[in-house]
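Letters A, B, ... mirror the listed sequences (proteins, then strands); counts begin at 1.
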Amino acid sequence: MESSLLTRTHILVVSQVLSSRPRKTFCKFILPFLSFTFFILPFSFAALGGDTNSVLADQARFQGTLQRTQMAAFQVHEIRFHNGASIVREYVSPAGQVFAVTWQGDSLPNMQQLLGSYFQQFADAVKQQAAGRPGRRPVTIVQPDFVVQMNGRVQSYSGKAYLPQIVPEGVPQEAIQ
Amino acid sequence: MKQLFVAVICVALALSFGCGGSSSKSQSSSTPPSTPTGPNVQSITVNEGPAGNYANGSFTSVTLCVPGTSTCQAISGILVDTGSVGLRILSSVLTLSLPQQTAPSGDPVAECLPFIATYTWGPVESADIQIAGESASSVPIQVLSDTAIPVASDCTAFGLQSADTLQNLGANGILGIGMFPQDCAGCSTSSSYDIYYQCPSSTACQPIVEPLGSQVQNPVSVFANDNNGVLIEFPAVSQPEATLSGYLVFGIGTESNNSLGSAGIYTLNSNASITTQFQGQSYSESFIDSGSNGIYFLDSGSTGIPECSDATYFYCPSSTQNLSATNLGSNGTSAAINFSVANADTLFSEDPADAVFGQLAGPNPGSFDWGLPFFYGRNVYVAIANKSTPQGVGPYWAY
């Protein structure tokens with residue numbers, strides 16, 4: 001699965017580059033960079049806490065369209081997939097780090113992909129909450145370095161995860177949507 | 001002679017209009033005074049459920065049969081859930097051997113359905129379903145088992161807890177009777193939902209596209225009759241109780257016992273939700289769900305109500321809070337709702353046998369999830385998408 005993901009990501013980067021740059025520039029400057037991304041991607045597979053390469057990996061995994069919006073204190077990378085029925089937004093700090101992710105729509109995204117190195121922390125906390133009294137309820141995980149809110153229902157999911165310690169200064173939690 | 005005939009017809013018509021008028025008037029209250037009866041009425045009960053520890057779970061029984069045969073099994077302790085779609089049964093309680101669905105590849109089909117904290121995993125099989133006097137043939141259902149087919153890696157990648165055991169689910173199964181006919185409309189064109197899988201015996205399961213007709217179906221939408229939605233009726237409660245009896249009535253406006261009467265209809269917004277207004281703010285991702293076991297809304301920061309220290313998913317105010325919110329449908333219908341939030345620790349500590357808690361609530365940042373306590377003392381209708389009702393085409397909620 002990882003090899004097909006890399007191939008898709010690679011093609012995506014190549015196609016974006018080829019359509020926007022002269023061929024000479026591509027060969028001289030971009031090609032070496034591509035080799036770099038090819039080898040580095042397996043290690044920057046994560047999204048939350050990862051760098052912007054990981055956003056491209058997410059775009060490839062979700063087979064979505066990517067749109068970037070520059071805000072005052074951060075950048076939002078919005079991936080739309082399932083014909084726009086699902087949206088993942090990744091919030092990138094000026095330092096280039098993904099400090100928050102949100103999801104909304106008709107599917108729950110692959111959380112292993114989206115939460116990266118925080119996935120196991122997430123899975124452990126969910127299992128701990130689910131082990132309480134049975135009964136369906138939203139999930140809120142509040143840890144010093146990692147916060148998750150999951151709501152919604154089957155066919156209409158929403159949620160957010162963020163890293164309080166690297167949220168840029170002055171960005172309120174409500175700005176992460 | 002002809003004039004007499006016309007006169008008789010006129011009198012008959014006038015009388016029948018009179019009958020219709022009086023009959024609809026007698027049902028105009030949204031809380032019918034009498035017990036609903038008929039082949040479309042199924043008893044449901046809020047109790048501790050088959051695991052003995054469920055709070056605010058409404059349970060019923062269904063009968064499954066091997067398709068086209070009289071080999072059947074009645075299974076009780078099935079959670080009545082308007083927040084999902086499809087019948088799901090724990091493999092540990094199923095004694096029937098049901099036909100396995102296969103993909104075009106010939107491999108067995110399995111499903112991974114993420115709920116909120118949990119997922120259900122297991123093969124898609126087909127069964128004849130009987131509930132009350134309603135029935136449907138060869139309906140795809142999900143049989144919950146982590147071992148019949150090993151869980152796909154794309155399913156565990158959701159990071160959720162398996163609900164495939166009695167201990168985790170708290171029920172023998174889920175009767176999903178929400179507002180859609182199938183459980184994953186988008187899965188009919190894309191495999192990237194990671195919900196349906198083909199599972200070869202030799203290699204790992206792979207996500208597949210699953211045609212709508214092969215998907216796990218809302219049993220109501222495939223009933224021969226009364227298939228446009230459901231009505232759930234529960235009496236009001238004021239104190240914690242051990243049990244509460246209610247009714248699941250199939251169909252909306254299809255029989256004398258399921259007319260909408262004066263119930264307000266709330267159509268959905270672009271989030272497939274309604275808006276709940278609370279203390280001057282609007283929350284446009286709110287919904288009504290019998291399968292949520294409390295009223296889950298906002299958070300401590302915005303409500304000022306503290307979470308319980310031992311279970312942060314419930315509220316624990318020092319004294320019961322009486323609150324009011326307003327639900328708003330996309331069609332402009334709105335009405336106020338009064339609700340109360342009691343201390344969950346206190347509710348649970350009064351009598352271990354209690355399972356009905358009208359004042360159980362917890363946080364749900366950014367929206368309102370009107371769970372089972374909302375249904376106590378109300379008649380709540382759930383209209384299925386693209387099905388006609390006397391008050392318009394679903395989906396909508398009404399109460």
At a 4.5 Å cut-off on heavy atoms, which part of [X] comes close to chain A: side chain, backbone, both, or neither?
X: B:Phe158; answer: both
X: B:Asn53; answer: both
X: B:Ser162; answer: neither
X: B:Ala311; answer: neither
X: B:Leu169; answer: backbone

*Does A:Gln155 use its side chain to pair, donor to acceptor, with the backbone of B:Gln182 at less than 3.5 Å?*
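It does hold such a pair.
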
*Any chance the side chains of B:Tyr193 and A:Asp106 put a donor and an acceptor closer than 3.5 Å?*
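Looking only at side-chain atoms, A:Asp106 and B:Tyr193 do form a donor-acceptor pair, the distance falling under 3.5 Å.
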
*Do we see a donor-acceptor contact under 3.5 Å between the side chains of A:Gln129 and B:Gln161?*
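Note: A:Gln129 and B:Gln161 side chains miss the donor-acceptor criterion.
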
Hey, does [Y] have a side-chain heavy atom less than 4.5 Å from the side chain of [X]?
X: A:Asn151; Y: B:Asp369; value: no
X: A:His82; Y: B:Cys187; value: no
X: A:Leu108; Y: B:Phe115; value: no

Please indicate whether [X] has more than 12 foreign heavy atoms, meaning atoms of other residues, nucleotides or ligands, lying under 6.0 Å from its [atom1].
X: B:Asn386; atom1: CG; value: no
X: B:Gln167; atom1: CD; value: no
X: A:Asn83; atom1: CG; value: no
X: A:Gln128; atom1: CD; value: no

Work out which heavy atom in [X] is nearest to a heavy atom in [Y]; give both atom names and the distance.
X: A:Gly152; Y: B:Ile116; value: O-CD1, 3.2 Å
X: A:Phe119; Y: B:Ala157; value: CE1-O, 3.4 Å
X: B:Asp183; Y: A:Val154; value: O-CG1, 4.5 Å

So which of [options] has the largest heavy-atom pair count under 4.5 angstrom toward chain A?
options: B:Gly366, B:Gly186, B:Pro365, B:Ser190; result: B:Pro365
options: B:Ser192, B:Gly170, B:Ala163; result: B:Ser192
options: B:Asn56, B:Asp194, B:Thr312; result: B:Asp194
options: B:Asn271, B:Leu79, B:Ile195, B:Asp81; result: B:Asp81
options: B:Leu160, B:Thr189, B:Thr118; result: B:Leu160
options: B:Pro363, B:Gly294, B:Pro114; result: B:Pro114

*Give me the contact list for residues 85-101 of chain A versus chain B, heavy atoms only, anything under 4.5 Å, ordered by residue number.*
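Checking residues 85-101 of chain A against chain B gives no residue, so none.
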
*asked:* If the contact rule is any heavy atom under 4.5 Å from chain B, which residues of residues 156-175 of chain A qualify, in numerical order?
replied: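 Answer by number: A:Ser156, A:Tyr157, A:Ser158.
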
*Checking side chain to side chain contact (heavy atoms under 4.5 Å, CB included) against B:Asn293, which of A:Arg136, A:Arg137, A:Arg133 comes through?*
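By the side chain to side chain contact (heavy atoms under 4.5 Å, CB included) criterion, B:Asn293 pairs with just one of A:Arg136, A:Arg137, A:Arg133: A:Arg137.
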
*Quick one: what part of A:Gln104 sits under 4.5 Å from any heavy atom of chain B, side chain, backbone, both or neither?*
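Looking at A:Gln104, just its side chain touches chain B.
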
